[in-house]
Asker: 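This is the structure I want to talk about, given as structure tokens.
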Amino acid sequence: MLLPFPCSSCEDYLALPRPWSSGMRGYRLGMERRLRIAAVVLVLAWFFVPLLRNSIPAWIPFLAFAALELQFVVAGWRERGAPRGKRGRAPLPEDVEEFGGPEWLEPMLVEAEGHQVWVPADIERGPRVVRPRRSLLPRLEGVLVLAGLVLLLILLPESGWRGLDEKDQRRTETRLSAEAARIAGHDARIRCDGQGEAVGIVQHADGVAEVGGTNAFLTPEICYRLYRLAFKGDEGAFSQTARAIAVLAHEAWHLRGEDDEGVTNCYAFQSGIGLGERLGLSPGTAARMMRQQLAENPLQAKSAPAYLVPPECRNGGELDLSPGTGRFP
């Protein structure tokens with residue numbers, strides 16, 4: 001291999017792997033493409049896997065994808081201002097030891113027979129440094145993908161509760177109101193708070209009800225999970241469906257007049273078995289779901305002690321709604 005300057009020992013260096021060669025840039029680009037592929041898989045999985053679509057809001061995978069693309073674009077523009085003589089990461093100590101010592105700390109990029117090659121910095125005569133061309137393709141690719149993502153997000157139809165037409169929403173609220181009235185012992189009205197005014201992340205509640213009254217509100221996520229169960233026969237994720245049933249039963253017991261949160265939970269876990277069966281679960285599945293809710297109650301109540309069920313919430317205890325059955329809840 002002929003270099004444009006005299007060097008008696010360069011062939012030994014050129015025969016070694018060159019971790020700082022232009023191939024490193026290809027590796028980085030390959031990693032970026034892998035991340036893009038992973039992001040695309042996540043978005044597609046959200047579209048075609050009901051479990052993901054029902055449990056993850058649409059904005060989460062799209063926001064992750066957008067953040068990834070934005071990072072690529074910003075990194076590309078920031079690279080424009082980087083010093084031309086220093087590109088890529090510095091060699092690690094083990095690299096220096098393996099590939100020849102301190103002369104590799106500041107390698108130089110030279111052109112040899114049409115190829116760009118890194119050589120040690122202690123060459124006797126100064127090499128002709130070649131400035132690698134900056135490709136606009138990665139940046140353009142990031143801009144196009146980001147623009148397509150934004151367009152897709154704008155055109156994407158609403159999913160979850162907001163994606164249901166008004167007929168299905170009213171039908172769901174009517175069914176849930178009837179189930180709440182059955183537990184409360186009087187007329188009840190369940191409304192799914194699509195605007196997040198009464199319940200939701202801001203209010204730190206999945207449901208709220210008038211104690212002894214007729215009105216209760218549930219989050220759209222709870223309503224949608226119950227809609228899928230009651231009208232589509234979709235049991236969904238075990239824990240999410242169990243939680244949705246327990247929340248509806250909990251608010252129904254508030255409508256009945258119970259104001260103690262721990263006692264209300266205890267009653268809700270017991271009534272949730274029949275409620276789950278009426279909504280389409282098998283007796284065994286409904287019972288397992290409510291037992292899970294009862295078992296997880298101490299952990300969940302750490303952040304809200306008022307919701308911890310009292311010691312009397314047990315088989316044969318004072319709060320057992322069906323004493324003598326030998327099964328609780």
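Quick note: residue numbers are just sequence positions, from 1.
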Asker: So, S177 side chain and I190 main chain: donor-acceptor pair closer than 3.5 Å or not?
Answerer: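 Yes; judged by distance alone, with no hydrogens or angles, the pair exists.
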Asker: Applying side-chain contact (heavy atoms from CB on, under 4.5 Å), run through V211 and E258 and close with a yes or a no.
Answerer: CA-CA 7 Å; V211 177; E258 181 58 57; over 6 Å; no
Asker: Without hydrogens or angle criteria, can the side chains of R288 and T285 be said to hold a donor-acceptor pair below 3.5 Å?
Answerer: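 Looking only at side-chain atoms, T285 and R288 do form a donor-acceptor pair, the distance falling under 3.5 Å.
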Asker: Are there over 12 heavy-atom neighbours, none belonging to D187, within less than 6.0 Å of that residue's CG?
Answerer: no
Asker: Would the number of heavy atoms belonging to other residues, nucleotides or ligands and lying under 6.0 Å from OH of Y307 be above 12?
Answerer: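 No, the 6.0 Å shell around OH holds no more than 12 heavy atoms from other groups.
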Asker: Is a side-chain N or O of T241 found less than 3.5 angstrom from the main chain of F238, in a donor-acceptor match?
Answerer: no
Asker: So with a 6.0 Å cut-off around CZ of R327, is the heavy-atom count from everything else above 12?
Answerer: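 Open.
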Asker: Under a 3.5 Å distance rule, please check whether Q270 uses its side chain to pair with a backbone N or O of M290 as donor and acceptor.
Answerer: no
Asker: Around atom CZ of R189, are there more than 12 heavy atoms of other residues, nucleotides or ligands at under 6.0 Å?
Answerer: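 Atom CZ in R189 is not crowded, with 12 or fewer foreign heavy atoms closer than 6.0 Å.
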Asker: Tell me whether R314 forms a cation-pi arrangement with F328, defined as NZ or CZ under 6.0 Å from the six-membered ring centre and within 45 degrees of its axis.
Answerer: no
Asker: When you check the gap from the basic side-chain N to the acidic O, do R225 and E221 get nearer than 4.0 Å?
Answerer: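 A salt bridge is absent here (no side-chain N lies under 4.0 Å from a carboxylate O).
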Asker: Give a yes-or-no answer on whether the side chains of H254 and D259 include a donor-acceptor pair shorter than 3.5 Å.
Answerer: no
Asker: So, the side chain of E251 versus the backbone of F217: is there a donor-acceptor pair under 3.5 Å, distance only?
Answerer: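 No.
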Asker: Does atom CD of E318 have more than 12 heavy-atom neighbours, drawn from other residues, nucleotides or ligands, at distances under 6.0 Å?
Answerer: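 Counting other residues, nucleotides and ligands, CD of E318 stays at 12 neighbours or fewer.
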Asker: Can you tell me if Q292 and S239 form a side-chain donor-acceptor pair at under 3.5 Å?
Answerer: yes
Asker: For the pair E277 (side chain) and S282 (backbone), establish whether a donor and an acceptor sit closer than 3.5 Å, ignoring hydrogens and angles.
Answerer: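 No; zero donor-acceptor contacts below 3.5 Å.
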Asker: Can you tell me how far apart CG (L281) and CG (L229) are? Round to the nearest 0.5 Å.
Answerer: 4.5 Å
